[in-house]
S.K.: 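Pasting a structure here, questions to come.
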Amino acid sequence: MRKKIASIVLSLGLLSSVMLPQLPTAMAQQNSEKPLFNEVYSDTSEVDEILSNMSVEEVVDKCKDGSCTFVVENEDYDYENQDQMQEMYTIGTIVTWETPEEETKNEELSEEKIDGASDELSDELSNEESSDELNGGDESEKATPLGGGYAEIYTTISNADDGKVYGRVKIDNVYSTEKPDKILVNIDFKKGISRNGSYSSHVGTVAEFSKNQIYSGATSKYFSYPVEKTYYWKTTGKANVYINGGIAASFGLAESPELLLNKKGVRYLSYKDPLSKQELTEPYFTNWSKSSDSRCRLTPSEVTAYRNWYDNNYGPIQWRTGNKNNYDIHHIRPCAYGGTKSYDNLITLPVEQHKVITNWWTNY
(Lines give C-alpha, C1' and ligand atoms only; values in the text may rest on other atoms or scores of the structure.)
Protein backbone atom coordinates (compact mmCIF):
# COMPACT_ATOMS: atom_id res chain seq x y z
CA MET A 1 0.00 0.00 0.00
CA ARG A 2 1.31 3.43 -0.83
CA LYS A 3 0.95 5.91 1.96
CA LYS A 4 0.59 9.67 1.65
CA ILE A 5 2.20 11.53 4.48
CA ALA A 6 1.82 15.20 5.27
CA SER A 7 2.87 17.59 7.95
CA ILE A 8 1.75 21.04 8.95
CA VAL A 9 3.31 23.63 11.22
CA LEU A 10 0.78 25.45 13.33
CA SER A 11 1.11 28.68 15.36
CA LEU A 12 -1.29 31.17 17.11
CA GLY A 13 -2.21 34.45 15.34
CA LEU A 14 -1.15 34.21 11.64
CA LEU A 15 -1.81 31.75 8.71
CA SER A 16 -0.11 31.45 5.27
CA SER A 17 0.79 28.75 2.78
CA VAL A 18 2.67 27.99 -0.42
CA MET A 19 1.50 24.95 -2.35
CA LEU A 20 4.30 23.13 -4.14
CA PRO A 21 4.01 20.21 -6.57
CA GLN A 22 6.91 18.34 -5.01
CA LEU A 23 8.00 17.85 -1.43
CA PRO A 24 11.60 18.22 -0.20
CA THR A 25 13.26 14.80 -0.01
CA ALA A 26 16.87 15.53 0.92
CA MET A 27 17.79 14.58 4.47
CA ALA A 28 18.89 17.34 6.80
CA GLN A 29 22.58 18.15 6.62
CA GLN A 30 22.63 21.39 8.61
CA ASN A 31 20.87 22.26 11.86
CA SER A 32 19.83 18.60 12.19
CA GLU A 33 20.76 18.65 15.84
CA LYS A 34 19.13 21.97 16.67
CA PRO A 35 15.93 21.26 18.59
CA LEU A 36 12.60 22.59 17.44
CA PHE A 37 10.96 21.93 20.77
CA ASN A 38 10.07 24.57 23.35
CA GLU A 39 12.51 27.04 21.85
CA VAL A 40 12.32 30.83 21.75
CA TYR A 41 13.40 32.44 18.48
CA SER A 42 13.88 36.04 17.41
CA ASP A 43 12.40 35.52 13.93
CA THR A 44 10.28 32.94 12.10
CA SER A 45 13.04 32.63 9.48
CA GLU A 46 15.03 30.60 12.02
CA VAL A 47 12.25 28.02 12.05
CA ASP A 48 12.03 28.10 8.24
CA GLU A 49 15.76 27.42 7.99
CA ILE A 50 15.52 24.37 10.23
CA LEU A 51 12.58 22.95 8.28
CA SER A 52 14.25 23.61 4.91
CA ASN A 53 16.99 21.20 5.93
CA MET A 54 14.57 18.46 6.97
CA SER A 55 12.80 15.91 4.83
CA VAL A 56 9.07 15.38 5.21
CA GLU A 57 9.86 12.02 6.83
CA GLU A 58 11.95 13.75 9.49
CA VAL A 59 9.31 16.36 10.24
CA VAL A 60 6.61 13.73 10.59
CA ASP A 61 8.75 11.45 12.73
CA LYS A 62 9.99 14.26 14.96
CA CYS A 63 6.66 16.03 15.42
CA LYS A 64 3.94 13.41 15.12
CA ASP A 65 3.39 13.42 18.88
CA GLY A 66 2.71 17.17 18.94
CA SER A 67 5.84 18.02 20.91
CA CYS A 68 7.34 20.38 18.30
CA THR A 69 6.50 23.84 19.59
CA PHE A 70 8.24 27.20 19.39
CA VAL A 71 7.80 30.81 20.35
CA VAL A 72 8.97 33.89 18.44
CA GLU A 73 9.38 36.92 20.68
CA ASN A 74 9.17 40.42 19.23
CA GLU A 75 12.55 41.79 20.28
CA ASP A 76 11.70 45.17 18.76
CA TYR A 77 8.66 45.71 20.96
CA ASP A 78 8.47 49.42 21.81
CA TYR A 79 7.28 49.97 25.37
CA GLU A 80 7.27 53.73 24.92
CA ASN A 81 4.76 53.62 22.03
CA GLN A 82 2.13 51.17 23.17
CA ASP A 83 -0.63 53.35 21.73
CA GLN A 84 0.20 51.60 18.43
CA MET A 85 -0.76 47.96 17.90
CA GLN A 86 2.25 45.69 18.28
CA GLU A 87 2.72 41.96 18.23
CA MET A 88 4.15 40.63 21.47
CA TYR A 89 4.53 36.92 20.72
CA THR A 90 4.06 34.49 17.85
CA ILE A 91 3.37 30.93 18.95
CA GLY A 92 3.77 27.80 16.84
CA THR A 93 3.11 24.09 16.92
CA ILE A 94 4.14 21.64 14.20
CA VAL A 95 1.23 19.34 13.41
CA THR A 96 1.53 16.27 11.19
CA TRP A 97 -1.15 14.20 9.49
CA GLU A 98 -1.55 11.25 7.16
CA THR A 99 -3.77 11.43 4.11
CA PRO A 100 -5.95 8.40 3.30
CA GLU A 101 -4.02 5.42 1.92
CA GLU A 102 -3.94 5.05 -1.86
CA GLU A 103 -4.36 1.68 -3.52
CA THR A 104 -2.01 0.69 -6.31
CA LYS A 105 -3.25 -0.06 -9.80
CA ASN A 106 -2.64 -3.76 -9.28
CA GLU A 107 -4.82 -3.73 -6.16
CA GLU A 108 -7.56 -1.93 -8.03
CA LEU A 109 -7.89 -4.77 -10.53
CA SER A 110 -10.92 -6.91 -9.85
CA GLU A 111 -10.69 -10.68 -9.66
CA GLU A 112 -12.42 -10.95 -13.02
CA LYS A 113 -9.82 -8.73 -14.70
CA ILE A 114 -7.00 -10.67 -13.10
CA ASP A 115 -8.49 -14.03 -14.20
CA GLY A 116 -8.91 -12.69 -17.72
CA ALA A 117 -5.49 -11.11 -17.97
CA SER A 118 -2.94 -12.46 -20.41
CA ASP A 119 -0.27 -14.91 -19.34
CA GLU A 120 2.30 -12.19 -19.94
CA LEU A 121 0.64 -9.82 -17.50
CA SER A 122 0.22 -12.60 -14.96
CA ASP A 123 3.88 -13.45 -15.25
CA GLU A 124 4.78 -9.78 -14.84
CA LEU A 125 2.67 -9.46 -11.70
CA SER A 126 4.14 -12.66 -10.32
CA ASN A 127 7.66 -11.45 -10.97
CA GLU A 128 6.95 -8.11 -9.23
CA GLU A 129 5.52 -9.90 -6.18
CA SER A 130 8.52 -12.21 -6.02
CA SER A 131 10.88 -9.26 -6.27
CA ASP A 132 9.06 -7.50 -3.43
CA GLU A 133 9.31 -10.61 -1.26
CA LEU A 134 13.03 -10.91 -1.91
CA ASN A 135 13.54 -7.27 -0.99
CA GLY A 136 11.34 -7.48 2.09
CA GLY A 137 8.74 -5.27 0.42
CA ASP A 138 10.71 -2.17 1.45
CA GLU A 139 12.17 -1.03 -1.85
CA SER A 140 8.85 -0.03 -3.43
CA GLU A 141 7.84 1.79 -0.26
CA LYS A 142 11.07 3.79 -0.21
CA ALA A 143 10.74 4.67 -3.87
CA THR A 144 7.16 5.86 -3.51
CA PRO A 145 6.97 9.69 -3.67
CA LEU A 146 5.36 11.25 -0.64
CA GLY A 147 2.01 13.01 -0.95
CA GLY A 148 0.28 15.58 1.23
CA GLY A 149 2.46 18.29 2.69
CA TYR A 150 3.11 20.64 5.60
CA ALA A 151 2.66 24.30 6.49
CA GLU A 152 3.49 26.81 9.18
CA ILE A 153 0.51 28.17 11.09
CA TYR A 154 1.13 31.06 13.45
CA THR A 155 -1.01 32.76 16.05
CA THR A 156 0.01 36.14 17.38
CA ILE A 157 -0.87 38.07 20.51
CA SER A 158 -0.95 41.84 20.12
CA ASN A 159 -1.92 44.83 22.21
CA ALA A 160 -2.54 48.55 22.00
CA ASP A 161 -3.28 51.24 24.55
CA ASP A 162 -7.03 50.82 24.07
CA GLY A 163 -8.11 48.33 26.74
CA LYS A 164 -8.09 45.28 24.43
CA VAL A 165 -5.98 42.24 23.65
CA TYR A 166 -5.75 41.09 20.02
CA GLY A 167 -5.12 37.82 18.20
CA ARG A 168 -4.77 36.66 14.62
CA VAL A 169 -3.95 33.47 12.70
CA LYS A 170 -1.72 33.06 9.64
CA ILE A 171 -0.53 30.11 7.52
CA ASP A 172 2.88 30.22 5.86
CA ASN A 173 5.12 27.97 3.75
CA VAL A 174 2.76 25.13 2.94
CA TYR A 175 4.33 22.24 1.02
CA SER A 176 1.56 20.09 -0.41
CA THR A 177 0.56 17.94 -3.36
CA GLU A 178 -3.01 18.12 -2.10
CA LYS A 179 -4.59 21.00 -0.22
CA PRO A 180 -6.70 20.16 2.81
CA ASP A 181 -10.43 20.76 2.40
CA LYS A 182 -10.20 23.27 5.24
CA ILE A 183 -8.31 24.17 8.39
CA LEU A 184 -10.08 25.21 11.58
CA VAL A 185 -8.03 26.92 14.30
CA ASN A 186 -9.65 27.48 17.68
CA ILE A 187 -7.98 30.04 19.95
CA ASP A 188 -8.82 30.41 23.65
CA PHE A 189 -7.76 33.44 25.68
CA LYS A 190 -7.20 32.69 29.36
CA LYS A 191 -6.61 35.06 32.25
CA GLY A 192 -5.40 34.79 35.84
CA ILE A 193 -4.47 37.00 38.79
CA SER A 194 -1.05 35.35 39.19
CA ARG A 195 1.54 34.21 36.65
CA ASN A 196 1.86 30.76 38.19
CA GLY A 197 -1.70 30.45 39.46
CA SER A 198 -4.81 29.05 37.86
CA TYR A 199 -6.24 30.54 34.65
CA SER A 200 -9.87 30.70 33.64
CA SER A 201 -11.02 30.57 30.03
CA HIS A 202 -12.12 34.05 29.07
CA VAL A 203 -13.14 33.91 25.43
CA GLY A 204 -12.59 31.76 22.38
CA THR A 205 -12.79 32.18 18.63
CA VAL A 206 -12.45 30.04 15.51
CA ALA A 207 -10.54 30.99 12.39
CA GLU A 208 -11.67 28.96 9.37
CA PHE A 209 -9.69 28.61 6.13
CA SER A 210 -11.39 26.86 3.22
CA LYS A 211 -9.38 25.14 0.48
CA ASN A 212 -9.17 28.24 -1.73
CA GLN A 213 -8.13 30.36 1.26
CA ILE A 214 -5.07 28.24 2.03
CA TYR A 215 -2.28 30.16 0.33
CA SER A 216 0.90 32.00 1.25
CA GLY A 217 0.11 35.07 3.34
CA ALA A 218 -3.48 34.12 4.11
CA THR A 219 -4.52 35.58 7.45
CA SER A 220 -7.59 35.64 9.58
CA LYS A 221 -9.11 38.91 10.66
CA TYR A 222 -8.03 40.37 14.00
CA PHE A 223 -10.20 39.32 16.89
CA SER A 224 -10.13 41.36 20.07
CA TYR A 225 -11.44 41.18 23.59
CA PRO A 226 -11.74 43.78 26.37
CA VAL A 227 -9.14 43.50 29.13
CA GLU A 228 -11.23 45.38 31.75
CA LYS A 229 -8.87 44.68 34.67
CA THR A 230 -5.21 43.90 35.19
CA TYR A 231 -4.58 40.23 34.46
CA TYR A 232 -1.98 37.78 33.30
CA TRP A 233 -3.01 36.51 29.87
CA LYS A 234 -2.10 33.50 27.78
CA THR A 235 -3.56 31.62 24.84
CA THR A 236 -4.13 27.98 24.04
CA GLY A 237 -5.91 26.39 21.13
CA LYS A 238 -6.62 23.50 18.84
CA ALA A 239 -6.25 22.95 15.11
CA ASN A 240 -8.21 20.51 12.95
CA VAL A 241 -7.14 19.67 9.41
CA TYR A 242 -9.90 18.27 7.18
CA ILE A 243 -9.19 16.03 4.17
CA ASN A 244 -11.77 14.13 2.12
CA GLY A 245 -14.55 15.33 4.39
CA GLY A 246 -13.01 14.08 7.64
CA ILE A 247 -10.53 15.22 10.27
CA ALA A 248 -7.07 14.11 9.11
CA ALA A 249 -5.26 15.68 12.08
CA SER A 250 -6.21 17.25 15.39
CA PHE A 251 -3.56 18.78 17.62
CA GLY A 252 -3.52 20.99 20.68
CA LEU A 253 -1.65 24.19 19.97
CA ALA A 254 1.31 25.39 21.98
CA GLU A 255 0.52 27.56 24.96
CA SER A 256 1.73 31.13 24.77
CA PRO A 257 3.99 32.75 27.37
CA GLU A 258 2.13 34.64 30.09
CA LEU A 259 1.64 38.36 29.45
CA LEU A 260 0.89 40.95 32.13
CA LEU A 261 -1.46 43.66 30.85
CA ASN A 262 -3.03 46.43 32.91
CA LYS A 263 -6.66 47.49 32.48
CA LYS A 264 -5.77 49.58 29.41
CA GLY A 265 -4.08 46.63 27.73
CA VAL A 266 -0.58 48.05 28.29
CA ARG A 267 2.21 45.53 28.75
CA TYR A 268 4.35 45.52 31.88
CA LEU A 269 7.86 46.87 31.26
CA SER A 270 10.65 44.34 30.90
CA TYR A 271 13.92 45.81 32.17
CA LYS A 272 17.20 44.55 33.59
CA ASP A 273 19.78 46.92 35.04
CA PRO A 274 22.96 46.39 32.95
CA LEU A 275 25.20 47.14 35.95
CA SER A 276 23.50 45.58 38.97
CA LYS A 277 21.74 42.89 36.90
CA GLN A 278 18.63 43.53 38.99
CA GLU A 279 15.36 42.92 37.15
CA LEU A 280 12.12 44.85 37.28
CA THR A 281 10.02 42.00 38.60
CA GLU A 282 6.30 41.76 37.95
CA PRO A 283 3.68 42.01 40.69
CA TYR A 284 2.98 38.53 42.02
CA PHE A 285 -0.76 39.25 42.08
CA THR A 286 -2.85 41.56 39.93
CA ASN A 287 -5.43 42.32 42.61
CA TRP A 288 -3.40 44.21 45.19
CA SER A 289 -5.47 46.79 47.07
CA LYS A 290 -4.49 50.43 46.88
CA SER A 291 -3.90 52.46 50.05
CA SER A 292 -2.85 56.00 50.91
CA ASP A 293 0.20 54.82 52.90
CA SER A 294 3.25 56.81 51.77
CA ARG A 295 5.70 55.91 54.52
CA CYS A 296 7.97 54.03 52.11
CA ARG A 297 8.73 57.11 50.01
CA LEU A 298 12.40 58.06 50.11
CA THR A 299 13.50 61.24 51.84
CA PRO A 300 16.22 63.40 50.20
CA SER A 301 18.85 61.92 52.54
CA GLU A 302 17.70 58.39 51.72
CA VAL A 303 17.94 59.16 47.98
CA THR A 304 21.55 60.32 48.47
CA ALA A 305 22.37 57.24 50.56
CA TYR A 306 20.97 54.89 47.89
CA ARG A 307 22.86 56.63 45.09
CA ASN A 308 26.12 56.35 47.04
CA TRP A 309 25.44 52.69 47.78
CA TYR A 310 24.70 51.99 44.13
CA ASP A 311 27.80 53.80 42.84
CA ASN A 312 30.06 52.04 45.35
CA ASN A 313 28.72 48.60 44.44
CA TYR A 314 28.14 48.80 40.71
CA GLY A 315 30.25 51.69 39.45
CA PRO A 316 29.34 55.38 39.33
CA ILE A 317 26.70 56.60 36.90
CA GLN A 318 25.76 60.17 36.01
CA TRP A 319 22.54 60.54 37.96
CA ARG A 320 21.94 64.10 36.81
CA THR A 321 22.91 66.50 34.06
CA GLY A 322 22.46 70.01 35.36
CA ASN A 323 18.93 70.17 36.80
CA LYS A 324 17.73 67.15 34.84
CA ASN A 325 17.63 63.61 36.21
CA ASN A 326 19.13 60.90 34.02
CA TYR A 327 18.14 58.10 36.39
CA ASP A 328 15.38 57.64 38.94
CA ILE A 329 14.99 55.32 41.90
CA HIS A 330 11.87 53.21 41.42
CA HIS A 331 9.89 51.18 43.97
CA ILE A 332 9.32 47.82 42.25
CA ARG A 333 6.22 47.29 44.39
CA PRO A 334 4.82 50.80 44.75
CA CYS A 335 4.25 52.28 48.17
CA ALA A 336 0.53 52.59 47.43
CA TYR A 337 0.32 48.81 46.93
CA GLY A 338 2.24 47.65 50.00
CA GLY A 339 5.82 48.33 48.90
CA THR A 340 8.72 49.12 51.21
CA LYS A 341 11.92 51.17 50.99
CA SER A 342 14.09 48.06 51.29
CA TYR A 343 16.88 48.08 48.71
CA ASP A 344 15.51 44.75 47.44
CA ASN A 345 12.40 46.68 46.40
CA LEU A 346 14.33 49.51 44.72
CA ILE A 347 15.77 49.58 41.21
CA THR A 348 17.64 52.22 39.22
CA LEU A 349 15.81 53.13 36.01
CA PRO A 350 16.57 55.55 33.19
CA VAL A 351 14.07 58.42 33.33
CA GLU A 352 12.16 57.35 30.20
CA GLN A 353 11.69 53.79 31.47
CA HIS A 354 10.57 55.17 34.82
CA LYS A 355 7.83 57.15 33.07
CA VAL A 356 6.66 54.01 31.28
CA ILE A 357 6.34 51.92 34.44
CA THR A 358 4.81 54.79 36.44
CA ASN A 359 2.10 55.17 33.80
CA TRP A 360 1.54 51.41 33.85
CA TRP A 361 0.82 51.47 37.58
CA THR A 362 -1.54 54.42 37.11
CA ASN A 363 -3.84 51.99 35.28
CA TYR A 364 -3.19 48.96 37.47
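Keep in mind that the numbers below use all heavy atoms, side chains included, and drop hydrogens, waters and symmetry copies. Because the structure is a prediction, the values reported are computed rather than measured.
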S.K.: What residues form a side chain to side chain contact (heavy atoms under 4.5 Å, CB included) with T281, not counting sequence neighbours?
M.R.: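 Side chain to side chain contact (heavy atoms under 4.5 Å, CB included) list for T281, sorted by chain: I332.
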S.K.: Starting at NZ of K179, measure out to OH of Y215 and round the result to the nearest 0.5 Å.
M.R.: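 Between K179 NZ and Y215 OH, I get 9.5 Å after rounding to 0.5 Å.
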S.K.: Classify the ring geometry of Y231 against W233: parallel below 30°, tilted from 30° to 60°, perpendicular beyond 60°.
M.R.: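 Aromatic pair Y231/W233 classed perpendicular.
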S.K.: Got a second to check how far Q213's CD is from K182's NZ, nearest 0.5 Å?
M.R.: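 Rounded to the nearest 0.5 Å, the CD-NZ separation comes to 11.5 Å.
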S.K.: State plainly whether one hydrophobic cluster holds both V206 and F189, where clusters connect Ile, Leu, Val, Met, Phe, Trp and Tyr through side-chain heavy atoms under 4.5 angstrom apart.
M.R.: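 No, V206 does not connect to F189 through the hydrophobic network.
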S.K.: Report the C-alpha separation of H331 and L298 in whole Å, then their side-chain angles, then the decisive distance to 0.1 Å, and conclude whether the side-chain contact (heavy atoms from CB on, under 4.5 Å) test is met.
M.R.: CA-CA 10 Å; H331 290 75; L298 301 179; 4.1 Å; yes
S.K.: Are the side chains of P283 and L260 in touch, meaning some heavy atoms are under 4.5 Å apart?
M.R.: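 The answer is yes; the side chains approach within 4.5 Å.
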S.K.: Could you go through Q82 and N159, starting from their C-alpha distance and side-chain angles, then the distance that decides it, and tell me whether this counts as side-chain contact (heavy atoms from CB on, under 4.5 Å)?
M.R.: CA-CA 8 Å; Q82 294 198 60; N159 75 323; 3.1 Å; yes
S.K.: Which residues pass the salt bridge (charged side-chain N to carboxylate O under 4.0 Å, His left out) test with E352, sequence neighbours left out?
M.R.: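 Checked E352 against salt bridge (charged side-chain N to carboxylate O under 4.0 Å, His left out); matches are K355.
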S.K.: Give the minimum heavy-atom separation between N240 and S250, together with the two atoms involved.
M.R.: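 Scanning both residues, the minimum pair turns out to be OD1-OG, 2.7 Å.
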S.K.: Grab the two heavy atoms, one from R267 and one from L261, that are nearest each other, plus how far apart they are.
M.R.: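 For R267 versus L261, the nearest heavy atoms are CA-CD2, 3.6 Å.
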S.K.: Which atom pair, heavy atoms only, marks the closest approach of Y41 to F70?
M.R.: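 Heavy atoms only, the tightest pair is CE1-CB, 3.6 Å.
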S.K.: Compare all side-chain heavy atoms of I91 with those of P257 and state whether any distance is below 4.5 angstrom.
M.R.: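 When only atoms from C-beta onward are counted, P257 and I91 do touch, with a gap below 4.5 Å.
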S.K.: Using side-chain heavy atoms (C-beta onward) and a distance below 4.5 Å, is R307 in contact with R320?
M.R.: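 They are in contact (side-chain heavy atoms under 4.5 Å apart), so the answer is yes.
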S.K.: For D78 and Q86, which I'm curious about, is there any donor-acceptor pair between the side chains at under 3.5 Å?
M.R.: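 No donor-acceptor contact under 3.5 Å links the two side chains.
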S.K.: Mind checking the CD1-CD1 spacing from I214 to I183? Nearest 0.5 Å is all I need.
M.R.: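 Nearest 0.5 Å value for the CD1-CD1 distance: 4.0 Å.
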S.K.: Can you say whether the rings of Y327 and W319 are parallel (under 30°), tilted (30 to 60°) or perpendicular (over 60°)?
M.R.: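 If you compare the ring of Y327 with that of W319, the planes turn out perpendicular.
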S.K.: Could you see if I247 belongs to whatever hydrophobic cluster contains F209? Use Ile, Leu, Val, Met, Phe, Trp, Tyr and a side-chain cutoff under 4.5 Å.
M.R.: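 No, it is not one cluster - the side chains of I247 and F209 are not joined through contacts under 4.5 Å.
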S.K.: Drop me the distance from Y306's OH to N308's CG, to the nearest 0.5 angstrom.
M.R.: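 Answer for the OH-CG pair, Y306 versus N308, is 12.0 Å.
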S.K.: Can you tell me how far NZ of K190 sits from OG of S200, rounded to the nearest 0.5 angstrom?
M.R.: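 Here the rounded value is 9.0 Å.
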S.K.: Less than 4.5 Å apart, side chain to side chain, heavy atoms only: is that true for P180 and Y242?
M.R.: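 No, side chains not in contact.
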S.K.: More than 12 heavy atoms of other residues, nucleotides or ligands under 6.0 Å from NZ of K164: is that the case?
M.R.: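 Counting neighbours around NZ of K164, 12 or fewer heavy atoms of other residues, nucleotides or ligands fall under 6.0 Å, so no.
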S.K.: Going by atom types only, do T230 and N262 share a side-chain donor-acceptor pair under 3.5 Å?
M.R.: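 Checked: T230/N262 side chains show no N/O donor-acceptor pair below 3.5 Å.
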S.K.: Any sub-3.5 Å donor-acceptor pair from D83's side-chain atoms to D161's backbone N or O?
M.R.: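 Absent.
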S.K.: Between Y199 and S194, what is the shortest heavy-atom contact and its length?
M.R.: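 Reported closest heavy-atom pair: OH-O, 3.5 Å.
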S.K.: Within this structure, what is the NZ-CD distance for the pair K191 and E228, rounded to the nearest 0.5 Å?
M.R.: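 Answer rounded to 0.5 Å: 6.0 Å.
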S.K.: Should the ring pair Y225 and F223 be called parallel, tilted or perpendicular, given that the plane angle runs from 0 to 90° and is split at 30 and 60?
M.R.: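 Tilted, since the angle between the ring planes falls between 30° and 60°.
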S.K.: Is it true that a side-chain atom of S256 and a backbone atom of T235 form a donor plus acceptor pair closer than 3.5 Å?
M.R.: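 Yes: the side chain of S256 pairs with the backbone of T235.
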S.K.: Should Y268 and W361 count as side-chain neighbours, where that means a heavy-atom distance under 4.5 Å?
M.R.: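 The answer is yes, as the side chains (C-beta and beyond) meet within the 4.5 Å cut-off.
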S.K.: With a 6.0 Å cut-off (strictly less than), is the heavy-atom count around CZ of R295, excluding the residue itself, greater than 12?
M.R.: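 Open.
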S.K.: On a heavy-atom basis, which atom in I347 and which in L280 lie closest, and how many Å separate them?
M.R.: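 Heavy atoms only, the tightest pair is CD1-N, 3.7 Å.
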S.K.: Counting only heavy atoms not in K211 (residues, nucleotides, ligands), do more than 12 fall under 6.0 Å from its NZ?
M.R.: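 Result for NZ/K211: enclosed.
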S.K.: So, N345 side chain and G339 main chain: donor-acceptor pair closer than 3.5 Å or not?
M.R.: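 Absent.
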S.K.: Please tell me if the side chains of L253 and V185 come closer than 4.5 Å, counting only heavy atoms from C-beta onward.
M.R.: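 Sidechains of V185 and L253: in contact.
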S.K.: Do the side chains of L184 and V241 join up, straight or via other hydrophobic residues, at under 4.5 Å, putting them in one cluster?
M.R.: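 Cluster IDs for L184 and V241 differ.
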S.K.: Show the nearest heavy-atom pair for residues C335 and S291, with the distance to one decimal.
M.R.: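 Residues C335 and S291, closest heavy atoms: O-OG, 4.4 Å.
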S.K.: Could you see if Y271 belongs to whatever hydrophobic cluster contains V351? Use Ile, Leu, Val, Met, Phe, Trp, Tyr and a side-chain cutoff under 4.5 Å.
M.R.: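 Different clusters: Y271 never reaches V351 through Ile, Leu, Val, Met, Phe, Trp or Tyr contacts under 4.5 Å.
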S.K.: Establish whether L275 and L269 are linked, either directly or via other cluster members, by ILVMFWY side-chain heavy-atom contacts under 4.5 Å.
M.R.: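 Not linked; separate clusters.
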S.K.: So, D273 and Y310: side-chain donor and acceptor under 3.5 Å apart, yes or no?
M.R.: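 Present: a donor and an acceptor within the cut-off.
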S.K.: Please determine which of T348, N325, D328 meets the side-chain hydrogen bond (donor to acceptor under 3.5 Å, both in side chains) test together with H354.
M.R.: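 By the side-chain hydrogen bond (donor to acceptor under 3.5 Å, both in side chains) criterion, H354 pairs with just one of T348, N325, D328: D328.
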S.K.: Side chains of N212 and S210: do they bring a donor and an acceptor to under 3.5 Å?
M.R.: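 The criterion, which ignores hydrogens and geometry beyond distance, is satisfied for S210 and N212.
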S.K.: Show your working on side-chain contact (heavy atoms from CB on, under 4.5 Å) between Y79 and W360 and close with a plain yes or no.
M.R.: CA-CA 10 Å; Y79 288 92; W360 189 93; over 6 Å; no
S.K.: Might you work through the side-chain contact (heavy atoms from CB on, under 4.5 Å) test for Q353 and H330, ending with a clear yes or no?
M.R.: CA-CA 10 Å; Q353 277 68 42; H330 172 68; over 6 Å; no
S.K.: So do L346 and E302 actually touch side chain to side chain, heavy atoms under 4.5 Å?
M.R.: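 No, side chains not in contact.
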